[in-house]
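Below, chain A is the first sequence line, B the second, and so on; all start at residue 1. All values below come from the heavy atoms of this structure, side chains included, with hydrogens, waters and symmetry mates left out.
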Protein chains: 2
Amino acid sequence: MARVAGVSVSTVSRTINGTAFVAEDKRQAVNRALQELGFQPNYLAKSLITGRSMTVGVIAEDIVSPYYADVIRGFEHGLFDTPYQPVLQSGHWSQQRESGAIETLIYRKVDALVLLGSTLPGEELLDIAGRVPLVVFGRHVPELDARCLTLDQYQGAYLATRHLIELGHRDIAHLRGPDGQQDAEERLRGYQAALRDNDLPSPPELVVQGDFLEQAAYQGTLRLLGNGCPFTAIFAANDQMAVGARLALYRQGLRVPDDVSLVGFDDLPGSAFTTPPLTTVHQPTYQIGRALAAHTLGLLQGEMPTLPDFPLTLSIRESTRSLRRTAARRPAL
Amino acid sequence: MARVAGVSVSTVSRTINGTAFVAEDKRQAVNRALQELGFQPNYLAKSLITGRSMTVGVIAEDIVSPYYADVIRGFEHGLFDTPYQPVLQSGHWSQQRESGAIETLIYRKVDALVLLGSTLPGEELLDIAGRVPLVVFGRHVPELDARCLTLDQYQGAYLATRHLIELGHRDIAHLRGPDGQQDAEERLRGYQAALRDNDLPSPPELVVQGDFLEQAAYQGTLRLLGNGCPFTAIFAANDQMAVGARLALYRQGLRVPDDVSLVGFDDLPGSAFTTPPLTTVHQPTYQIGRALAAHTLGLLQGEMPTLPDFPLTLSIRESTRSLRRTAARRPAL
DNA sequence: TTGTAAGCGTTATCAG
DNA sequence: CTGATAACGCTTACAA
């Protein structure tokens with residue numbers, strides 16, 4: 001390449017990277033040779049010496065999940081027109097897979113690591129943060145406070161439940177997420193707090209276990225309808241579970257929202273198009289993705305950026321309605 | 001590292017990679033030092049010399065789309081327990097973005113490239129195939145026949161339409177995908193062929209334009225209902241559009257399947273849980289992902305693997321019903 | 001079996 | 001402003 005242009009390799013490097021002034025004629029000669037050979041510098045050699053790979057690793061619990069997918073989209077957009085490239089990997093909800101993915105990405109010399117959800121213990125995350133700039137979403141580690149973006153799940157659940165209460169519902173069931181999962185626990189607490197604050201009972205029979213997926217919510221709703229404890233509304237711990245519940249209600253001939261009001265959590269892309277469109281707690285996933293990207297970029301430039309706060313809001317659509325216009329009743333089996 | 005173990009760098013390299021026999025005592029010394037220092041070889045230096053990065057680039061039109069997400073999941077699973085790592089990028093349905101993503105990945109020296117859908121012209125793909133082992137899904141390029149995995153969209157659409165015809169429907173509308181998009185055109189052709197083969201009319205007013213998204217399908221269905229041309233069934237070009245149509249019908253007080261039967265295409269993860277569960281053309285996306293992974297692996301090992309055939313099947317659920325049990329009628333406005 | 005030394009393709013340093 | 005030349009951290013002949 002340098003030979004074709006008739007200059008030294010250093011001059012080629014300088015023209016390509018604009019690291020120093022190069023005389024006009026030499027520069028043109030280099031550019032001509034560049035064109036002619038379709039030359040591309042070797043990224044590996046470059047990174048080997050600069051010590052930076054210009055990539056940022058992103059590990060999502062599950063790339064398939066529409067929830068994380070939207071965060072990823074925001075993150076990607078945030079990195080457009082930036083010299084940095086996102087490199088995605090799945091954690092597959094497994095500590096082992098997640099550790100593996102992290103090691104791989106560090107091994108590949110990513111300049112920063114972004115975790116979209118994490119099943120790893122805090123100390124392990126702390127250890128990783130010592131090896132590579134780390135940004136975490138959906139998981140709070142006290143020692144990593146400035147690098148963790150979390151949403152107030154408790155508040156979101158409280159909002160959702162209060163909405164139902166304000167509509168006149170008194171018997172509100174909850175389809176909860178997996179046992180021990182941080183978000184699931186927070187959402188349960190928010191639900192319970194809203195009931196308590198309004199002097200409403202919260203019988204344990206009205207809380208049924210789920211795993212954030214449709215199938216379990218479907219089954220759970222059927223059990224709920226069968227256990228003899230009346231209710232007029234359901235707060236599902238996420239939209240996928242709300243969809244499962246909605247199908248169970250449909251199969252039992254119960255109308256939403258006429259017979260049972262239904263609220264979800266997440267506001268997935270599809271939730272505005274369920275029948276009826278789902279009232280749900282909106283998570284600004286795309287914006288979160290962009291904020292994570294901006295934060296990472298700042299970190300990479302040696303700044304000490306801070307993460308913004310994202311309050312959760314309620315998207316009120318058509319799956320909830322005032323109880324005052326319909327008689328409170330136990331749904332028919 | 002070599003100093004700590006008291007051996008030469010070559011011996012370290014040989015123990016790590018098992019490239020040659022190393023005396024037991026030295027090997028142990030090396031392993032001890034490895035542990036002690038938490039040493040990790042530099043991937044960049046290694047790849048620089050071996051010329052292989054042990055990564056395979058995957059570019060999906062849209063990582064957010066549940067359709068591609070499932071293919072990706074299959075692909076990732078297919079690469080588990082393999083020295084190869086997938087590296088994902090989005091093409092964002094734009095030729096420019098897609099080209100950019102491809103260049104980046106080639107620049108990063110991926111050992112193979114997998115395209116999940118592509119908007120690029122065939123000749124460009126051909127050019128890329130000359131630079132790096134290429135596997136393409138959802139796009140057929142004659143010169144790259146052995147590397148292209150495509151599904152018979154025509155056949156799938158034919159199946160869906162014939163199913164409706166067999167149920168007694170005669171006036172079947174079609175919500176088509178974007179103009180010029182290969183799959184969309186094939187599905188339209190399959191729909192038209194099924195009608196023709198059964199001596200059914202296919203008035204152009206019953207075909208409305210869409211873009212594979214819910215919103216346009218919603219609007220399109222409203223137009224369909226307003227244009228005075230009666231129909232008893234809708235074949236949507238994909239599940240997302242079916243969902244949009246279903247909401248429009250709901251808003252107009254039309255029941256599915258009682259008043260209008262509805263068929264989708266793709267069988268997305270959520271389509272089994274819409275209300276009612278959607279009858280749709282099933283694409284074995286996860287299996288496809290695994291097949292693509294196996295094929296890529298074969299290619300990387302210098303084999304000449306062939307891609308399997310995936311016939312499309314119909315998942316008959318609850319959004320379609322026989323017209324014989326209900327009077328054929330023009331849906332009320 | 002092991003060590004030495006020559007690269008891999010860049011950028012950084014330092015004379016000129 | 002430009003050209004040698006030394007790294008970067010590894011693998012792989014080639015010797016020993």
Task: Residues within residues 43-56 of chain B bordering DNA chain D, heavy-atom distance below 4.0 Å - done: B:Ala45, B:Lys46, B:Ile49
Open item on the list: Any non-hydrogen side-chain atom of B:Asp152 less than 4.5 Å from a side-chain atom of B:Asp309?
Closed with: no
Indicate every side-chain donor-acceptor pair of residues 27-38 of chain B with a distance under 3.5 Å to a residue at least two apart or in another chain.
unit_1  : atom_1 : unit_2  : atom_2 : d
B:Arg27 : NH1    : B:Glu24 : OE1    : 3.3
B:Gln28 : NE2    : B:Glu24 : OE2    : 3.3
B:Asn31 : ND2    : B:Arg27 : O      : 3.4

Task: Under the ring pair (Phe, Tyr, Trp, His ring centres under 6.0 Å) test, residues paired with A:Tyr107 that sit two or more places apart - done: B:Tyr43
TODO: Take the C1' atoms of the five end pairs on each side of the helix from C:dT1-D:dA16 to C:dG16-D:dC1, derive the two axes, and give their angle rounded to 10 degrees.
DONE: 40°
Open item on the list: Please tell me whether B:Gln85 and B:Thr55 have a donor and an acceptor in their side chains that are separated by less than 3.5 angstrom.
Closed with: no
Open item on the list: Check whether B:Tyr84 forms a cation-pi arrangement with B:Arg52 (NZ or CZ under 6.0 Å from the six-membered ring centre, at most 45° off the ring normal).
Closed with: no
Task: A:Ser13 side-chain N/O to C:dT11 phosphate OP1/OP2 under 4.0 Å - done: yes
Distances under 3.5 Å between nitrogen or oxygen atoms of protein and nucleotides 13-16 of chain C:
none

Open item on the list: With a strict under 4.0 Å distance from non-hydrogen atoms of chain B, what nucleotide opens and what nucleotide closes the contacted stretch of DNA chain D, reading 5' to 3'?
Closed with: D:dG9 to D:dA13
Task: side-chain contact (heavy atoms from CB on, under 4.5 Å) assessment of A:Phe39 paired with A:Ile16 - done: CA-CA 11 Å; A:Phe39 177 82; A:Ile16 290 180; 4.1 Å; yes
Open item on the list: If you take any heavy atom closer than 4.0 Å to DNA chain D, which residues from residues 20-37 of chain B end up in contact?
Closed with: none
TODO: Using side-chain hydrogen bond (donor to acceptor under 3.5 Å, both in side chains) as the criterion, list what pairs up with A:Tyr68, not counting sequence neighbours.
DONE: none
Open item on the list: If the condition is ring pair (Phe, Tyr, Trp, His ring centres under 6.0 Å), which residues does A:His140 pass it with, not counting sequence neighbours?
Closed with: none
- [ ] Look at the side chain of B:Glu185 and the backbone N and O of B:Gly180, then say whether any donor-acceptor pair between them is shorter than 3.5 Å.
- [x] yes
Task: With A:Glu143 via salt bridge (charged side-chain N to carboxylate O under 4.0 Å, His left out) - residues at least two apart - done: none
Task: Pairing residues for B:Arg147 by the side chain to side chain contact (heavy atoms under 4.5 Å, CB included) criterion, not counting sequence neighbours - done: B:His295, B:Leu299, B:Met304
Task: Sequence-distant partners of B:Tyr286, ring pair (Phe, Tyr, Trp, His ring centres under 6.0 Å), two or more places apart - done: B:His77
TODO: Answer yes when B:Glu103 and B:Arg131 have at least one side-chain N-carboxylate O distance shorter than 4.0 Å, and no when they do not.
DONE: yes
Open item on the list: Using only atom types and a distance under 3.5 Å, with no angle test, would you say the side chain of B:Ser118 pairs donor to acceptor with the backbone of B:Leu115?
Closed with: no
Open item on the list: Taking A:Leu213's backbone N and O only, do any of them form a donor-acceptor pair with A:Asp211's side chain (distance below 3.5 Å, no angle check)?
Closed with: yes
